[in-house]
Amino acid sequence: MKITGTFLDEISHDIPHQNWGKAEWDADFSHMKAIGIDSVYLIRSGYRRWLTYPSEVLMKLEGCYDPPVDLVEMFLELADKHRMNFYFGLYDSGKYWVSGKFQEEVDINLKVIDEVWKKYGHHRSFKGWYLSQEVSRRTGKVIDLYATLGRHCKDISGGLPTFISPWIDGKKAVAAASSVISREDAVSVRQHEEEWSEIFDGIKGVVDAVAFQDGHIEFHELDDFFMVNKKMADKYGMECWTNAESFDRDMPIKFFPIKFEKLRLKLEAAR
């Protein structure tokens, strides 16, 4: 089973940065292409005040910092060079949608989508969009958020595909800053299916693929949740991918690289 895509996790709030320049990224793209990866997904273009590209919209409206390097342009140039597909991850305010102000999150991202397509849409490798607001449950107005942003992404870009990567509200779904690694209360397979069926029903046609994160549930639960995820995706006309997390959620220090035996279990379950 080959992995054909990977996130570019260069703006994150819980994973260390690479601090790479273009030469290092060029080598990494070359290695990725050599093992069969044909698509890269920017996990988010900005988080709070930190940006991957000099967004006039976000620097003006959100007081974001002017980045020293335009990583989006660099990633697109490298994707062009290595003939790979690039998916643009939207902006995560880290404040609006997580505090229930879903419309504010939508409004700022509509402006970001317009700005980004005008600035970078000419690249051959610009092949789609990632809606970067990650949720695990039917929270607030998340259906409206995904539907509105997904529709605008497709409308402005001539129908380029969109995808989301939710997490499952399992026993390992604890805050990165927490000292614990698991919790007693966790979503059941049935409740997961009920809530995500409602979400999928509300976003069908504007979100093309779903890649559930696989690290928040126990390994013996993978089959049950994976089967439900695939069944729902098929029912609502979406592609079902798997976000195979390559870091370990069982360790007290977050997040070390995962033991390969664990990663293999997840990949075999996905296959």
[X] with [Y]: basic N within carboxylate O range, under 4.0 Å:
X: Arg44; Y: Glu134; answer: yes
X: Lys154; Y: Asp208; answer: yes
X: Asp38; Y: Lys33; answer: no
X: Glu62; Y: Lys95; answer: yes
X: Glu193; Y: Arg190; answer: no
X: Lys22; Y: Glu77; answer: yes

Check: Using 30° and 60° as the class limits, which term best fits the ring planes of His82 and Phe29: parallel, tilted or perpendicular?
Finding: tilted

Margin query: Check the orientation of Tyr87 and Trp241. Use parallel for under 30°, tilted for 30 to 60°, and perpendicular for over 60°.
Written below: perpendicular

Margin query: Aromatic contact between Phe88 and His123, with the criterion being ring centroids under 6.0 Å apart: yes or no?
Written below: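 Between His123 and Phe88, which both carry aromatic rings, the centre distance is not below 6.0 Å.
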
Could you pull out all residues at least two apart from [X] that satisfy salt bridge (charged side-chain N to carboxylate O under 4.0 Å, His left out)?
X: Asp92; value: none
X: Glu115; value: none
X: Asp248; value: Lys262
X: Asp144; value: none

If you draw a 6.0 Å radius around [atom1] in [X], do more than 12 non-hydrogen atoms from other residues or ligands fall strictly inside?
X: Gln191; atom1: CD; result: yes
X: Lys141; atom1: NZ; result: no
X: His220; atom1: NE2; result: yes
X: Arg124; atom1: CZ; result: yes
X: Lys235; atom1: NZ; result: no
X: Lys230; atom1: NZ; result: no

Between [X] and [Y], do the side chains contain an N or O donor and an N or O acceptor separated by less than 3.5 Å?
X: Asp80; Y: Ser125; value: yes
X: Asn243; Y: Tyr41; value: no
X: His17; Y: Asp9; value: no
X: Asp114; Y: His152; value: yes

Below 4.5 Å, heavy atoms only, C-beta onward: do [X] and [Y] meet side chain to side chain?
X: Met74; Y: Trp25; answer: yes
X: Phe256; Y: Phe247; answer: no
X: Gln133; Y: Val142; answer: no
X: Met227; Y: Lys231; answer: no
X: Tyr91; Y: Ser55; answer: no

Item checked: Path from Ile164 to Ile43 over hydrophobic side-chain contacts below 4.5 Å ->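 Per the 4.5 Å side-chain linkage, Ile164 and Ile43 are not co-clustered.
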
Next item on the list: Kindly state each residue pair satisfying salt bridge (charged side-chain N to carboxylate O under 4.0 Å, His left out) with at least one member in residues 98-108, sequence neighbours excluded.
Entry: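 Output for this query is empty, none listed.
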
Checklist line | Under the ring-ring contact (aromatic ring centres under 6.0 Å, His included) test, residues paired with Tyr236 that sit two or more places apart | finding: none

Note to self: Using every non-hydrogen atom in the two residues, find where Ala211 and Ser165 come nearest and quote the distance to one decimal.
What the structure shows: O-OG, 2.7 Å

Checklist line | Rounded distance (nearest 0.5 Å) linking atom CH2 of Trp117 with atom CG of Leu160 | finding: 5.0 Å

